[in-house]
Structure formats: structure tokens, C-alpha cells
2 protein chains.
Amino acid sequence: MSTAERAEGAAWDEVTPDAARRLLVAAVEAFAERGYHATTTRDIAGRAGMSPAALYIHYKTKEELLHRISAIGHGKALRILESAADGPGTASERLAEAVRTFVVWHAGRHMTARVVQYELDALGAEHRAEIIQLRRKCDAAVRRILGDGVQSGEFDVPDVSGTTLAVLSLCIDVARWFNVAGRRTPDEVGELYADLVLRMVARNQQ
Amino acid sequence: MSTAERAEGAAWDEVTPDAARRLLVAAVEAFAERGYHATTTRDIAGRAGMSPAALYIHYKTKEELLHRISAIGHGKALRILESAADGPGTASERLAEAVRTFVVWHAGRHMTARVVQYELDALGAEHRAEIIQLRRKCDAAVRRILGDGVQSGEFDVPDVSGTTLAVLSLCIDVARWFNVAGRRTPDEVGELYADLVLRMVARNQQ
DNA sequence: CCTGATGCTGAGCAAGCGCTTAGGGGTGCC
DNA sequence: GGCACCCCTAAGCGCTTGCTCAGCATCAGG
């Protein structure tokens with residue numbers, strides 16, 4: 001079991017039974033490395049130490065595997081953003097917390113995040129529609145913080161919805177470039193990004 | 001011919017002969033919509049109005065098509081960033097120009113940009129290494145502007161390389177979310193992003 | 001010892017993949 | 001007209017894909 005597998009696999013203990021979880025963890029790894037369409041069901045089963053047929057005992061199709069990963073992953077991402085948005089503190093504090101924890105998740109669980117954020121198009125129509133609902137809620141959480149900050153006078157944001165888009169986009173893209181072998185830890189990237197985002201919305205003092 | 005095809009196809013007139021260009025434009029469209037691995041050579045040829053075999057008269061493999069797209073696209077992106085970085089004006093003006101034009105390209109040519117930025121892993125090892133060299137030069141161009149601004153005292157950037165990464169990441173991710181049917185034009189997104197980036201690096205006046 | 005449920009495998013099917021090859025048909029030059 | 005040249009197609013090859021299915025091992029309850 002690789003380091004990445006150990007670090008990211010621990011998060012899936014809500015998936016039972018054990019064989020189903022092992023398959024799901026293997027799928028996350030494979031989808032993240034090669035992409036959904038370039039991954040074969042034989043590859044997933046092989047990584048989980050099973051025969052190709054074993055996959056179909058626990059999941060109806062390869063697409064159902066992706067959907068399960070995407071739904072659980074988006075659920076976690078949404079919980080991170082909402083608990084920051086609806087938590088205590090000033091708008092600045094809540095925005096910094098939201099960006100920090102969201103970025104730490106995208107960097108620390110960058111395999112999961114890569115699948116969650118970049119393989120949406122591979123989902124079937126109904127599953128995709130369901131996931132897009134979750135995305136809208138993520139957007140709403142960030143927008144709420146920005147709106148609060150504008151109202152309280154902490155922030156100067158001429159275009160709230162555009163800036164919401166930019167903040168989320170900035171955080172999400174961490175999953176694409178983050179490299180475990182790189183110089184930065186997830187916490188360091190989180191700190192850097194929280195600072196950059198606060199600067200983006202801060203009232204201009206000059 | 002779709003609107004997108006007309007808008008983006010016009011940029012490939014350096015590719016000759018005509019049949020090779022039509023195939024390449026069709027490939028850009030297909031790769032952008034479905035991804036490299038989910039696109040079949042039959043689909044590309046079909047979009048170009050040719051039989052599946054016609055593709056192999058102009059390109060050795062499907063991967064060579066991707067490489068041609070990626071190389072030309074990265075070349076354009078690099079030229080955009082370098083002409084802003086090495087152009088006239090203060091660091092602030094050059095940074096704003098770089099972000100504005102880079103973002104306008106990613107939004108206006110978002111199909112091309114999506115392939116260029118998100119299908120790197122589908123390239124063969126040598127081709128990928130060649131493209132990564134171009135990426136490093138993009139990174140260097142932005143870093144140069146930030147470095148100049150810090151030296152001249154225009155900018156306050158504690159982590160130049162981290163901020164370089166963030167600025168490029170922000171711009172690149174436009175290709176993922178930009179929607180032609182959306183409310184914003186490429187120019188509007190470019191203006192918004194140039195403003196946000198200037199705020200990120202501006203000296204703190206409080 | 002039998003029975004039924006559960007979890008898995010070996011073998012393989014139909015379909016679709018990237019790519020090849022033999023040959024046809026138009027165009028320009030002599 | 002004759003010929004070479006360039007594009008392109010129809011057909012299909014060898015292989016891999018997602019997925020299926022009959023059957024085997026294990027174990028609990030009687």
C-alpha cells in the first residue's frame with residue numbers, strides 16, 4: 001500500500017463492506033492518475049487484489065463507482081465550506097477559514113479531489129445533474145461569506161458572483177497542480193491561499 | 001459548422017494542407033468536449049467529414065494530433081505571457097496586461113485551452129517532456145513580472161513562487177469553467193481577473 | 001452430513017478500439 | 001491520351017474494453 005493510498009484511503013471508512021471500500025480506493029487512485037476513461041475495470045480490480053469480475057458484485061457499472069466517489073467527495077467539500085460559512089467570526093475570519101480548510105483538503109486529498117473536480121463530465125446525465133446541485137451549494141456558501149463582508153464593510157468586492165467564481169476556481173485548481181513530492185505542505189498552501197484571497201477582497205486603503 | 005468551431009477554427013491557419021487543418025480543428029473540438037481518451041479516431045474523422053482512414057494520411061497516430069494541438073497552443077500561450085512580461089510599462093501594467101490577455105485567450109479559445117491545459121497526461125513521455133519545457137517558460141515570464149514589481153516596490157509579495165503558481169492557476173482554470181452561453185464575455189472576465197490579481201500583489205496600505 | 005447464502009474466480013462474449021492495406025478516382029503535365 | 005501523383009475510402013485485422021455467467025470455496029444453522 002502506497003503512502004498516498006494510506007493517507008487517502010483512511011477517509012473512506014463509511015463505505016462498507018471492506019471489499020467494496022478497497023475497490024473504491026483503488027478506483028480513486030486509478031481515476032486520479034490516468035483519468036476515468038483511460039482506466040480499465042481490470043486495472044481497478046487488480047489494484048484491489050481481485051479478479052475483474054469481483055467489481056461487479058459490489059457496483060453495477062464503472063460509472064456507479066465514479067458516482068459514489070463524486071457524491072461522497074462533493075459532500076465532504078460542501079461540509080467544509082458550509083461549516084466555515086455558517087461558523088462564528090467576522091466575514092474575514094470565515095473566508096480565511098473556508099479557503100484554508102478547502103485548500104488543505106484539495107492538497108491533502110488531491111487524488112480524491114482530482115476525481116471529484118475534473119471527472120464530472122464522465123458521469124451519466126442524471127448523476128451529473130445531482131452532483132451539480134451540490135456544486136451550486138458550494139458556490140452559495142462562498143457567496144454568502146462575500147456578501148456578509150460587503151454588507152459589514154469589511155470587503156470591497158465590485159463583482160460578488162465573479163469573485164466567488166474566482167475564489168472557488170483558485171482553490172479547486174490546487175488539486176490539479178499539487179504534488180506530494182513538491183516543496184509545500186497542504187497546510188502551507190492553505191495559509192498562502194487564505195492570505196491571497198483576503199487581499200483580493202480587502203477594502204482598498206490607498 | 002458551429003459557432004465555436006468558426007471562432008476557434010480561424011486560429012489554426014498555420015496548419016496546412018486544408019484537410020490536415022480540418023482534422024485538427026475537429027480533434028480540438030472532440031478532445032475539449034469528451035477528453036482525449038473518450039474521443040475515437042472515427043469521431044474526429046467524422047467531424048471533419050472524412051472516413052476513419054483519412055486521419056492517418058495526415059497524422060501518424062492520434063497522440064500526434066494531440067501533440068500538435070498542445071505544442072501550437074502552448075506556443076501561443078507563451079507568446080502572450082512573454083510579450084506582456086517583456087513589454088513596456090510598470091510591473092503593475094505588465095501584470096495586468098499579462099493576466100488580461102492570458103485570460104481572454106483561455107475564455108475565448110476555451111476549447112483549445114482545455115485541451116492544452118488538461119490533456120497533458122495523455123501525451124507520450126517525450127512529447128510531454130517537451131511541453132513541460134514550454135510551461136516552465138510561462139511560469140518564468142510571470143515570475144519575472146512579480147520579481148520586477150517587488151524590486152521596484154510596487155508589489156508586496158512574500159512568496160513569489162507560490163504567488164506565481166496561484167496567478168497562473170487562476171487564469172488556466174478559466175478554461176475549465178468558462179461557458180460561451182454564460183453571462184460574461186472573455187473581455188469581462190479578463191478585466192475582472194486583472195483587477196483581482198493586482199489586488200493580490202498590491203502593497204498593503206493599512 | 002446437508003443446505004442455503006455469500007463472495008469470489010476463470011473463461012469468455014459482443015462491441016468498439018487504433019490502425020493498416022489494397023485500390024479507386026480526380027488532377028495536372030507531357 | 002497516357003502517366004504519375006496525391007487524397008481518400010471500404011474493408012478489416014488484432015486487440016482491448018465493459019460486462020456476464022456458471023461454478024467453486026467458505027461458513028452458519030440444523
Side-chain angles (χ1 to χ4, degrees), chain A residues 9 12-70 115 119-128, chain B residues 12-13 15-70 115 119-128:
Chain A
W12 298 102
D13 32 314
E14 69 259 55
V15 181
T16 54
D18 183 68
R21 178 174 51 252
R22 275 188 295 142
L23 283 165
L24 192 134
V25 170
V28 168
E29 220 184 311
F31 291 162
E33 280 177 21
R34 311 203 208 296
Y36 175 79
H37 289 291
T39 299
T40 68
T41 55
R42 284 164 177 80
D43 182 18
I44 297 170
R47 286 176 193 249
M50 299 180 196
S51 80
L55 195 151
Y56 293 91
I57 294 161
H58 301 281
Y59 302 95
K60 273 216 304 282
T61 62
K62 178 181 159 188
E63 195 263 354
E64 191 195 316
L65 248 178
L66 177 62
H67 174 240
R68 283 274 246 282
I69 294 167
S70 201
V115 177
E119 299 291 349
L120 198 88
D121 291 343
L123 285 170
E126 331 82 65
H127 284 162
R128 183 166 53 245
Chain B
W12 298 104
D13 33 312
V15 180
T16 53
D18 183 68
R21 177 174 53 251
R22 277 188 296 140
L23 284 164
L24 192 134
V25 170
V28 167
E29 220 185 311
F31 291 163
E33 280 178 20
R34 309 202 209 298
Y36 175 80
H37 290 290
T39 299
T40 68
T41 54
R42 284 164 177 82
D43 182 18
I44 298 170
R47 285 177 194 248
M50 301 180 193
S51 79
L55 196 151
Y56 294 91
I57 293 160
H58 300 281
Y59 302 95
K60 272 216 304 281
T61 63
K62 179 181 158 188
E63 194 264 355
E64 188 194 318
L65 249 177
L66 177 62
H67 174 240
R68 284 274 247 280
I69 293 167
S70 200
V115 177
E119 300 290 349
L120 198 89
D121 292 343
L123 286 170
E126 332 80 65
H127 284 161
R128 184 166 52 247

### Task
Carefully, step by step, assess B:Ile69 and B:Trp12 under the rule side chain to side chain contact (heavy atoms under 4.5 Å, CB included).
CA-CA 9 Å; B:Ile69 293 167; B:Trp12 298 104; 4.2 Å; yes
### Task
Scan nucleotides 19-27 of chain D nucleotide by nucleotide, 5' to 3', and note B when protein non-hydrogen atoms come under 4.0 Å of the base, S if they reach only the sugar-phosphate, - if neither.
BBB------
### All pairs passing side-chain hydrogen bond (donor to acceptor under 3.5 Å, both in side chains) where residues 53-64 of chain B contributes a residue, at least two apart
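Residue pairs with at least one partner in residues 53-64 of chain B: B:Glu63-B:His127, B:Glu64-B:Arg68.
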Set of residues satisfying side chain to side chain contact (heavy atoms under 4.5 Å, CB included) with respect to [X], sequence neighbours excluded:
X: B:Thr39; value: B:Ala30, B:Phe31, B:Arg34, B:Asp43, B:Ile44
X: A:Glu14; value: A:Ile72, A:Lys76
X: B:Ala54; value: B:Met50, B:Ser51
X: B:His37; value: A:His37, A:Ala38, B:Ala122

Roughly how many Å is it from [atom1] in [X] to [atom2] in [N], rounded to a whole number?
X: B:Asp18; N: D:dC6; atom1: CG; atom2: P; value: 18 Å
X: A:Tyr59; N: D:dG18; atom1: OH; atom2: P; value: 16 Å
X: B:Met50; N: D:dT9; atom1: CE; atom2: C1'; value: 12 Å
X: B:Ile57; N: C:dG23; atom1: CD1; atom2: P; value: 16 Å
X: A:Asp43; N: D:dG18; atom1: CG; atom2: C1'; value: 14 Å
X: A:Arg22; N: C:dG7; atom1: CZ; atom2: P; value: 12 Å

### Query
What's the shortest heavy-atom distance between B:Ala32 and B:Val115, and which atoms?
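Reported closest heavy-atom pair: N-CG2, 3.6 Å.
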### Task
Grab the two heavy atoms, one from B:Pro52 and one from B:Ala45, that are nearest each other, plus how far apart they are.
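Smallest interatomic distance, heavy atoms only, reads CA-CB, 3.7 Å.
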### Query
Got a second to check how far A:Asp18's CG is from A:Asp13's CG, nearest 0.5 Å?
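Those atoms lie 11.0 Å apart.
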### Query
Taking atom CG of A:Leu55 and atom CZ of A:Arg42, what is their separation to the nearest 0.5 Å?
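The distance works out to 11.0 Å.
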Can you check nucleotides 24-28 of chain C for protein contacts, nitrogen or oxygen pairs under 3.5 Å, and list what you find?
none

### Query
When you measure from the side chain of A:Arg128 to the backbone N and O of A:Leu123, does any donor-acceptor pair fall under 3.5 Å?
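Pair found, side chain donor or acceptor close to backbone of A:Leu123.
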### Query
Okay, side chain of A:Arg47, backbone of A:Ala27: is any donor-acceptor separation there less than 3.5 Å?
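No.
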### Query
Of the residues in residues 30-38 of chain A, which ones touch DNA chain C at a heavy-atom distance under 4.0 Å?
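Nucleic-acid contacts, sorted: none.
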### Task
Return the angle between end axes of the helix from C:dC1-D:dG30 to C:dC30-D:dG1, with five pairs used per end and rounding to 10°.
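Result, rounded to 10 degrees: 10°.
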### Query
Heavy atoms under 4.0 Å, any strand shown: does B:Ser51 hit a base, just sugar-phosphate, or nothing?
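Base, at least one base atom sits under 4.0 Å.
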